[in-house]
Amino acid sequence: MNLKLKYAELLSNHVDLALDEIKNLIEIPPDSKMGDLAFPCFSLAKKLKNSPVKIAESISGSLEKLPLFKEVKNIGPYVNAFVDPSFIAHGILSEIAENGSGYSSQPENGKNVVVDFSSPNIAKPLAIHHLRSTMIGNSISQLYSKMGYNVIKLNYLGDWGTQFGKLIVAYNKWGSEVEGELTISKINELYVKFSKESSEDNDLNDQARNWFKKLEEGNAEAIKLWKWFKEISLIEFEKIYKKLGITFDVYGGESEHAASFLTVVEKCESLGISSISDGALIVESEDENDPPCLIRKSDGATTYEVRDIAALLDRFDKYEFVKMFYVVGQEQALHFKMLKMVVKKMGLAFSNDCEHISFGFMKFQGKSGSTREGTAILMEDVLNTSVAEVRKRISESGSKRNISEEAIQQIGIGAVVFGDLSKKRVKDSEFIWEEVTSFEGDTGPYLQYTQARCLSIVRKSNHDFMEQADFSGLTEDSEKLVLLKLNQFSEAIINSANNCEPSLLANYLLELAKFTNRFIHGGREEHSKRILQESNLPLQSARTALVHGIAIVLKEGLRLLGISSPEEM
RNA sequence: GCACCAGUAGCUCAGCUGGAUAGAGCACCUGAUUUCUAAUCAGGCGGUCAGAGGUUCAAAUCCUCUCUGGUGUACCA
């Protein structure tokens, strides 16, 4: 139910503004004691040549009574409305009960959205800085499918480039020293060793560039090794994605577009937007402050930029997307700016639909870990530690409940994911072990706990509460706050999706959970206030339905963040 | 040098795109438990919204400058 719209309709007969304008002015007061909706009268003051307070008085005095609004009065320059919870409860709760997890979902619109996320480099283990792209991208994908889009989740692997030349050199030189089976961490060790040695021996870098050139030319030995490194890496990645419950629709890779780079080069040349500089082919930037975009190296090899452009052209051919999201760290902002710039110069309108969804650094003890230096914090370790902490906590609490292994996994992993997604993307975030393994307050486990608590009440209610409920009994403030919050679910989703900002949804869920715990907690202080102790069955049923609705919204909201929630914990 | 991003309580962060007395969580202090799940709830402590100007009825929010931190700056990706 769109309460802002209803309120705007009520006001529209007495305010000389278009319905939409009124609706956009309506806000939610900072304190619910002041009302549930507020219409500020400042902007009318000039037009009416009267003080905002007087205008508010006159409007509130002339409004007709609607059952939806218990009371409308002015507080200073605001016209504030108090919603009658019993009037909205039936609509909201039956909508949730009927749709279940589909509550607030929008019908399919057939439009394609491509989300490029996670996209790790082959031959390096997944570290915490990959967590952000992976989790943010996954959540954006869930949000857009909730909004009715057809989402293509694309894992665009960094599987091409000079680094493979380096690896091949390293493997040929020191590979025989590796003991046992070659794993991703052993590959990484070779890479680390190469980095160290090559800083003193420039010849190694030349060899590496040479091997990469060979790889691009289709040299059999190079390709064989490259394929092998890739296979080993993918097996490792899949293990983590499975833990996180993430799947991809398409695995792509830069390597696929290395060949088609010629198309890009030709197009740039024929359009006359490129030029030769120091032997390399470049496209000049529009902004004088930016460097040019390198399309082809002076030795004829491809660049990251040209491969990405070729990949983008290919994606549009395949999917005709309405949105193309690149979920990649902010350090690559310039790269995506140049990518868009070149594609725009190529005369392709879809350059406007491409968006770089950037995010800040993940740091550990003030530094961003580096796989090259071997100081990275591995994603697997983080997840395992958090899960272990949950297990420890449960055994120490001496709880009688038997908590399943599945639930322990969900809680441990949920804590890590929520910790990351509850903050705005742009912020750099400091990785603190104690914080990851803290499960109190504004955390994922808090939301899961709230949800489990609600489900427990629903489970114990042994009758058809939707059938027997009398929603007009829901008159308490604590009930109203929860109801209004449930009603805002779709707004939270839309906001979150439009801004590609999962933290907005995360914060919405925290508020919902807070109101919920307050509401339910009344039953702890006074036994008679417990929902299932209520002797008036229609009222008890209405409250149970409310709790049921909360559980559904919390579970669905968490799912949109990529977090699964246990039935019991 | 230039460009982009950030700066709000001791710490981690919100602040609904310009509105009411700047809010949460953690930490610290006090209280509630033979739990419809205490991974909870109630209360206390804690602020020069980096600084200075400006725009207007109204600025943490918009503009300008300064300071601090981070990132990027063509043949790595």
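Everything numeric in this text was worked out from a predicted model, so none of it was measured.
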- Taking NZ from A:Lys297 and C1' from B:A74, how many angstroms apart are they, rounded to a whole number? 11 Å
- Given side-chain contact (heavy atoms from CB on, under 4.5 Å), test A:Val382 with A:Trp433 step by step and report yes or no. CA-CA 8 Å; A:Val382 174; A:Trp433 279 108; 3.8 Å; yes
- With no hydrogens and no angle check, do the side chains of A:Asp116 and A:Ser119 hold a donor and an acceptor under 3.5 Å apart? yes
- Message: Would the distance check show the side chain of A:Glu501 and the main-chain N or O of A:Arg425 forming a donor-acceptor pair, the cut-off being under 3.5 Å?
- Response: yes
- Query: When rounded to the nearest Å, what value does the distance between P atoms of B:G7 and B:C16 take?
  - Reply: 13 Å
- Query: Would you call A:Glu197 and A:Lys193 a salt bridge, using N to O less than 4.0 angstrom?
  - Reply: no
- Have a look at A:Tyr446 and say if it touches a base, only the backbone sugar-phosphate, or nothing, with a 4.0 Å heavy-atom cut-off. sugar-phosphate
- OP1, OP2 of B:A77 versus side-chain N and O of A:Arg307: anything below 4.0 Å? yes
- Query: Any side-chain heavy atom of A:Tyr508 within less than 4.5 Å of one from A:Lys485?
  - Reply: yes
- Query: Which part of the nucleic acid, if any, lies within reach of A:Gln332 when heavy atoms closer than 4.0 Å are counted: base, sugar-phosphate only, or nothing?
  - Reply: base
- Message: Please tell me whether A:Arg307 and A:Thr302 have a donor and an acceptor in their side chains that are separated by less than 3.5 angstrom.
- Response: yes
- Just wondering, do A:Lys4 and A:Glu491 contact through their side chains at under 4.5 Å, heavy atoms? yes
- Item | Nucleotide B:A39, atom C1' - distance to CG of A:Leu558 in whole Å | 14 Å
- Message: Using every non-hydrogen atom in the two residues, find where A:Cys454 and A:Thr516 come nearest and quote the distance to one decimal.
- Response: SG-CG2, 3.8 Å
- Assess the side chains of A:Asn517 and A:Tyr446: does a donor N or O sit below 3.5 Å from an acceptor N or O? yes
- is_close_aromatic(A:Phe465, A:His548), centroid dist under 6.0 Å: yes
- Query: How is A:Leu504 classified with respect to the nucleic acid when contacts are heavy atoms under 4.0 Å: base, sugar-phosphate, or nothing?
  - Reply: sugar-phosphate
- So what does A:Asn499 touch, heavy atoms closer than 4.0 Å: a base, only the sugar-phosphate, or nothing? base
- Can you check B:U17 for me, syn or anti if syn means within 90° of 0? syn
- Flag for A:His463-A:Ser541: side-chain donor and acceptor within less than 3.5 Å: yes
- For RNA chain B, what dot-bracket results from Watson-Crick or G-U pairs at under 3.5 Å, with [ ] for crossers and | for inter-strand partners? (((((((..((((.....[...)))).(((((.......))))).....(((((..]....))))))))))))....
- Quick one: do the A:Glu216 and A:Trp160 side chains pair a donor with an acceptor below 3.5 Å? yes
- Is A:Ser51 touching bases, backbone alone, or none of the nucleic acid, heavy atoms closer than 4.0 Å? nothing
- Query: How far does the P atom of B:A3 sit from the matching atom of B:U17, given to the nearest Å?
  - Reply: 31 Å
- Message: Just to be sure I understand the geometry, which residues of residues 543-551 of chain A put a non-hydrogen atom under 4.0 Å away from RNA chain B?
- Response: none
- Task: Grab the CG-P distance between A:Asn24 and B:C16 for me, whole Å please.
- Result: 15 Å
Give me the distances for all protein-to-nucleotides 2-8 of chain B N/O pairs that come in under 3.5 Å?
{"residue": "B:C2", "atom": "O2'", "partner": "A:Asn289", "partner atom": "OD1", "Å": "2.8"}
{"residue": "B:G7", "atom": "OP1", "partner": "A:Lys427", "partner atom": "NZ", "Å": "3.2"}

- Message: Suppose you measure atom C1' in B:G46 against the same atom in B:C2; what distance do you get, rounded to whole Å?
- Response: 41 Å
- Task: Specify the separation, in whole Å, of atom CD of A:Glu331 and atom P of B:U73.
- Result: 10 Å
- Message: Heavy atoms only, 4.0 Å cut-off, all strands: where does A:Ser298 land among base, sugar-phosphate and nothing?
- Response: base
- May I ask you to check whether A:Asp308 and A:His257 show a side-chain donor-acceptor distance below 3.5 Å? no
- Item | Integer angstrom distance from the P of B:G54 to that of B:A60 | 15 Å
- Query: NA contact type, A:Leu334, heavy-atom cut-off 4.0 Å: base, sugar-phosphate, or nothing?
  - Reply: sugar-phosphate
- Item | A:Ile75 side, atom CD1; A:Glu57 side, atom CD - distance, nearest 0.5 Å | 12.5 Å
- Query: Using a cut-off of less than 4.0 Å, is there contact between a side-chain N or O of A:Arg209 and OP1 or OP2 of B:C76?
  - Reply: yes
- Query: Does one side chain, of A:Glu269 or A:Ser274, offer a donor that lies under 3.5 Å from an acceptor on the other?
  - Reply: no
- With P as the reference atom in both, quote the distance from B:A50 to B:A59 in angstrom, rounded to an integer. 15 Å
- With rounding to whole Å, what would you report as the distance between B:A24 and B:G15 at their P atoms? 15 Å
- Message: Among residues 411-425 of chain A, which ones have heavy-atom contacts with RNA chain B below 4.0 Å?
- Response: A:Ile411, A:Lys423, A:Lys424
- Task: Determine the contact category for A:Arg296: base if any of its heavy atoms lies under 4.0 Å from a base atom, sugar-phosphate if only primed atoms, P, OP1 or OP2 are that close, otherwise nothing.
- Result: nothing
- Task: Rounded to the nearest angstrom, tell me the gap between atom CZ in A:Phe212 and atom P in B:C75.
- Result: 14 Å
- Message: Assess, by modelled atom type and distance only, whether the side chains of A:Gln207 and A:Asp203 contain a donor and an acceptor separated by less than 3.5 Å.
- Response: yes
- Message: Classify A:Arg453 by what it touches in the nucleic acid, base, sugar-phosphate, or nothing, heavy-atom distance under 4.0 Å.
- Response: base
- Item | B:C63 to B:U56 separation - C1' atoms, rounded to the nearest Å | 13 Å
- Query: Taking atom P of B:G15 as reference, at what distance in whole Å does atom OH of A:Tyr508 sit?
  - Reply: 16 Å
- Looking at A:Met569 and A:Ala452, what are the two nearest heavy atoms and their distance? CG-CB, 3.9 Å
- Query: About how many Å separate CZ of A:Arg393 and CD1 of A:Ile408, when rounded to the nearest 0.5 Å?
  - Reply: 13.0 Å
- Query: Do you see a donor-acceptor pair shorter than 3.5 Å between the side chains of A:Tyr304 and A:Gln332?
  - Reply: yes
- Query: Mind checking the C1' distance from B:C11 to B:C75? Whole angstroms is fine.
  - Reply: 44 Å
- Task: Remember a base hit wins even if backbone is also touched, and classify A:Glu288 as base, sugar-phosphate or nothing at under 4.0 Å, heavy atoms.
- Result: nothing
Report, one pair per line, the protein and nucleotides 55-61 of chain B atoms (nitrogen or oxygen only) whose separation is under 3.5 Å.
{"residue": "B:C57", "atom": "OP1", "partner": "A:Lys46", "partner atom": "NZ", "Å": "3.4"}

- Task: Sugar-phosphate means primed atoms, P, OP1 and OP2; the rest is base. With that split, encode nucleotides 20-34 of chain B 5' to 3' as B, S or - using protein heavy atoms under 4.0 Å.
- Result: B---SSS-----S--
- Task: Whole angstrom is fine here: how far is it from CD1 in A:Ile432 over to C1' in B:U12?
- Result: 7 Å
